Amino acid sequence: RGDFPIALEHGSQGNRIAWKVEIEKLDYHHYLPLFFDGLCDTMHPYDFFARQGIHDMLEHGGMKILPVVPQLIIPIKNALNTRNKQIICITLKVLQHLVVSADMVGEALVPYYRQILPVLNIFKNVNVNTGDGIDYSQQKRENIGDLIQETLEIFELYGGEDAFINIKYMIPTYESCIYN
């Protein structure tokens with residue numbers, strides 16, 4: 001529809017986004033929440049645009065990311081509340097990237113843990129039991145239980161001094177990766 005300054009570029013290395021404008025010049029308050037809204041999409045190419053658009057913007061955003069964090073909470077919450085394992089895995093990877101993308105973003109998310117973490121508490125212990133088989137989802141980082149643990153540890157590491165207490169309140173079985 002022309003709402004986004006992007007196009008799909010097919011290459012020998014796979015698909016990528018061709019940006020029609022320099023990413024640094026984008027209005028982050030407008031576009032980043034729109035891309036986060038796309039986390040719920042499962043249809044190609046919209047799912048790809050959402051994921052890649054978010055990662056590209058987080059990569060180049062720097063200080064523009066922090067002021068937009070409050071606008072990202074509802075799209076993140078909506079994506080997690082789909083309870084679709086594929087969407088949750090993608091959202092967790094995006095959350096990890098978001099937290100490390102700029103200074104203070106991890107701390108800015110702490111007040112929103114009560115909205116983000118309840119769904120993670122439900123899926124925290126969902127791991128694939130294959131007996132003596134091989135679980136390839138670990139290689140692709142699609143094992144939801146492991147991804148949740150990894151995300152919570154990143155939240156704790158980057159969330160400042162109040163992060164652990166807030167995570168523990170929402171997910172009582174969480175063990176600190178700093179204090180233990």
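Given the structure is predicted, the values throughout are model-derived calculations rather than measurements. Atom set for the values below is all heavy atoms of this structure, side chains included, hydrogens, waters and symmetry mates excluded. This chain uses plain numbering: 1 for the first residue, then up along the sequence.
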(Q) Before you tell me yes or no, could you show the steps for F35 and F4 under ring pair (Phe, Tyr, Trp, His ring centres under 6.0 Å), namely the whole-Å CA-CA distance, both residues' side-chain angles and the distance that decides it to 0.1 Å? (A) CA-CA 9 Å; F35 278 111; F4 294 97; 5.0 Å; yes

What is the distance from atom [atom1] of [X] to atom [atom2] of [Y], rounded to the nearest 0.5 Å?
X    : Y    : atom1 : atom2 : value
D47  : I87  : CG    : CD1   : 9.0 Å
E153 : I148 : CD    : CD1   : 12.5 Å
I88  : L95  : CD1   : CG    : 11.0 Å
I144 : Q149 : CD1   : CD    : 13.5 Å
E59  : S101 : CD    : OG    : 9.5 Å
N166 : R114 : CG    : CZ    : 6.5 Å

Hey, is [atom1] on [X] packed in by over 12 heavy atoms from elsewhere, all under 6.0 Å?
X   : atom1 : value
K85 : NZ    : no
N81 : CG    : yes
K77 : NZ    : no

For a quick test of reading the model, state the closest non-hydrogen atom pair linking [X] to [Y] and the distance between them.
X    : Y    : value
T173 : K168 : C-NZ, 4.4 Å
P33  : P75  : O-CG, 4.1 Å
A79  : C40  : CA-SG, 3.5 Å
I17  : I6   : CG2-CG2, 3.4 Å
M170 : P118 : CE-CG, 3.6 Å
I116 : L80  : O-CD1, 3.4 Å

Q. Parallel under 30°, tilted from 30 to 60°, perpendicular over 60°: which one fits the rings of Y113 and F155?
A.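 Taking F155 first and then Y113, their aromatic rings lie parallel (interplane angle under 30°).
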
Q. Taking the six-membered ring for Trp, are F164 and Y174 parallel (under 30°), tilted (30 to 60°) or perpendicular (over 60°)?
A.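 Ring orientation of F164 relative to Y174: tilted.
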
Q: Using modelled atom types only, decide if a donor and an acceptor are shared between the side chain of Q71 and the backbone of H29 within a distance under 3.5 Å.
A: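 Confirmed, Q71 side chain pairs with H29 backbone.
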
Q) Side chain of N84, backbone of Q86: donor and acceptor closer than 3.5 Å? A)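 Side chain of N84 to backbone of Q86: a pair is present.
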
Q: List the steps and the verdict of side chain to side chain contact (heavy atoms under 4.5 Å, CB included) for Q52 and R16.
A: CA-CA 8 Å; Q52 197 57 50; R16 63 184 216 95; 5.6 Å; no

Determine, using the 4.5 Å side-chain heavy-atom cutoff (strictly less than), whether [X] and [Y] are members of one ILVMFWY cluster.
X    : Y    : answer
Y46  : F36  : no
Y179 : I165 : no
I74  : L58  : no
I122 : L39  : yes
I178 : Y158 : yes

Between [X] and [Y], is any pair of side-chain heavy atoms under 4.5 Å apart?
X    : Y    : value
E9   : N15  : no
L117 : L152 : yes
L147 : Q96  : yes
N121 : P172 : yes
Y28  : I23  : yes

Q. Do E156 and S176 pass the side chain to side chain donor-acceptor pair (under 3.5 Å) test, and can you show the C-alpha distance, the side-chain angles, and the key distance before you say yes or no?
A. CA-CA 8 Å; E156 183 183 359; S176 173; 2.4 Å; yes

**Q.** Derivation and outcome, side chain to side chain contact (heavy atoms under 4.5 Å, CB included), residues T151 and K93
**A.** CA-CA 8 Å; T151 306; K93 291 174 191 174; over 6 Å; no

Q | Criterion side chain to side chain contact (heavy atoms under 4.5 Å, CB included) on H60 and L26, from CA distance to verdict | A | CA-CA 10 Å; H60 298 276; L26 286 173; over 6 Å; no

**Q.** side chain to side chain contact (heavy atoms under 4.5 Å, CB included) evaluation trace for L34 with D3
**A.** CA-CA 10 Å; L34 287 175; D3 293 349; 6.0 Å; no

